[in-house]
Amino acid sequence: DKRVRTLLSAASWLGYYPAIEVLEERLEAARDFQAHSALIRHLESRDDKDAVGVLRKFVVKNMHIRGGAVGQALVSLARMSEPAAEAVFKELTWTKDAVAYSKAVRAQFSVPRNEGYTPEARRYLNSRVKFGDKKSFIIQLRTSNPGILAELRQTIDQLSSEEVRQYLLI
């Protein structure tokens, strides 16, 4: 509903944040992407431990159900400066669930990261993820993390797939 988006945008702009329990309840009850989106953006603007907890719970519960909203929640977590958000990525990038792993890594690298994240990028490129997903990830690195891409190119021999090495050099 457009009214919800307007209300939450105004609340964020004014620095007003409803009780976290209310936001969690509304996020759980939301049935369409627009409502999810408005609530996720509002939680991102809170940038606190409680907001991270609500987003983490939403992501874990809905990973295989609500793809777009889960992706947005993960990108919101990646943008947050709250240290607890980084812990969510540590959890999701070491899971055996290939879908969760791929979504988490892609979201984590959707925002600029320093070269200290290169090993994680390399691990993704050496993982069992499909080549098409790896290509998309490399394209993403070109725009959001060119420093990491440059470091991967310098250590290209550490990539296990010839196909990935070739694409990385394009």
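- Under 4.0 Å is where a charged nitrogen must lie from a carboxylate oxygen, and between E163 and K134 no such pair does.
- Residues L7 and I20 are members of separate hydrophobic clusters, defined by side-chain heavy-atom contacts under 4.5 angstrom among Ile, Leu, Val, Met, Phe, Trp and Tyr.
- A continuous path of hydrophobic side-chain contacts links Y117 to L159 [ILVMFWY only; heavy atoms under 4.5 Å].
- Looking at R165 and L169, their side chains never come closer than 4.5 Å, going by heavy atoms from C-beta outward.
- Separation of atoms OH (Y101) and OG1 (T93) is listed at 7.0 Å; rounding is to 0.5 Å.
- Residue Q140 holds its CD atom at 5.0 Å from CZ of R106, rounded to the nearest 0.5 Å.
- The ring-ring contact (aromatic ring centres under 6.0 Å, His included) search around F137 returns F109, Y124, not counting sequence neighbours.
- Closest approach of I40 and S76 over heavy atoms only: CG2-OG, 3.3 Å.
- When only modelled atom types and interatomic distance are considered, R113 and Q108 share no side-chain donor-acceptor pair under 3.5 Å.
- Summarising the geometry of V129 relative to D133, their closest heavy-atom pair is CG1-CB, 3.3 Å, with the distance given to 0.1 Å.
- Within a 6.0 Å sphere centred on CZ of R26, heavy atoms belonging to other residues, nucleotides or ligands number 12 at most.
- Put simply, V75 and V59 are part of two different groups of oily side chains (I, L, V, M, F, W, Y) that touch within less than 4.5 Å, one to the next.
- No side-chain heavy atom of Q72 sits less than 4.5 Å from a side-chain heavy atom of H36.
- Note that CG of L92 and CZ of R56 are 7.5 Å apart. Values are rounded to the nearest 0.5 Å.
- At distances below 3.5 Å, not a single donor-acceptor pair connects side-chain atoms of N62 with backbone N or O atoms of I65.
- The neighbour count for E91 CD, taken as heavy atoms of other residues, nucleotides or ligands under 6.0 Å away, is above 12.
- Between the CZ atom of R153 and the CG atom of L149 there is a distance of 4.0 Å, given to the nearest 0.5 Å.
- Expressed to the nearest 0.5 Å, how far CD of Q34 lies from CZ of R31 amounts to 15.5 Å.
- For the pair L168/L141, no side-chain contact is recorded, criterion being any heavy-atom separation below 4.5 Å from C-beta on.
- Among all heavy-atom pairs drawn from R123 and E120, the shortest one is NH2-OE2, 2.8 Å.
- A heavy-atom distance below 4.5 Å is not found between the side chains of N126 and V164.
- A side-chain N or O of R122 and one of T155 form a donor-acceptor pair less than 3.5 Å apart.
- For the ring-ring contact (aromatic ring centres under 6.0 Å, His included) with H42, the qualifying choice from Y17, W13, Y16 is Y17, the only one to do so.
- Taking each heavy atom of G147 and E115 in turn, the nearest pair found is CA-OE2, 3.3 Å.
- Note that CG of L27 and CZ of F58 are 5.0 Å apart. Values are rounded to the nearest 0.5 Å.
- A heavy-atom distance below 4.5 Å is not found between the side chains of L39 and V54.
- A donor-acceptor contact shorter than 3.5 Å links the side chain of D47 to the backbone of E82.
- Under the 3.5 Å distance criterion, with hydrogens and angles disregarded, a donor-acceptor pair is assigned to the side chains of S37 and R41.
- Using a 4.5 Å heavy-atom threshold, the side chains of Q166 and I170 count as separate.
- In terms of hydrophobic clustering, with Ile, Leu, Val, Met, Phe, Trp and Tyr side chains grouped at heavy-atom distances under 4.5 Å, V70 and F33 are assigned to different clusters.
- Taking hydrophobic clusters as Ile, Leu, Val, Met, Phe, Trp and Tyr residues chained together by side-chain heavy-atom distances below 4.5 Å, L8 shares a cluster with M80.
- Taking each heavy atom of S144 and S110 in turn, the nearest pair found is CB-O, 3.8 Å.
- The backbone N or O of V111 sits less than 3.5 Å from a side-chain atom of N145, completing a donor-acceptor pair.
- Between P119 and G116, the closest heavy-atom pair is CD-O, 3.4 Å.
- Of the possible polar contacts, one joining the K103 side chain to the M63 backbone as a donor-acceptor pair under 3.5 Å is found.
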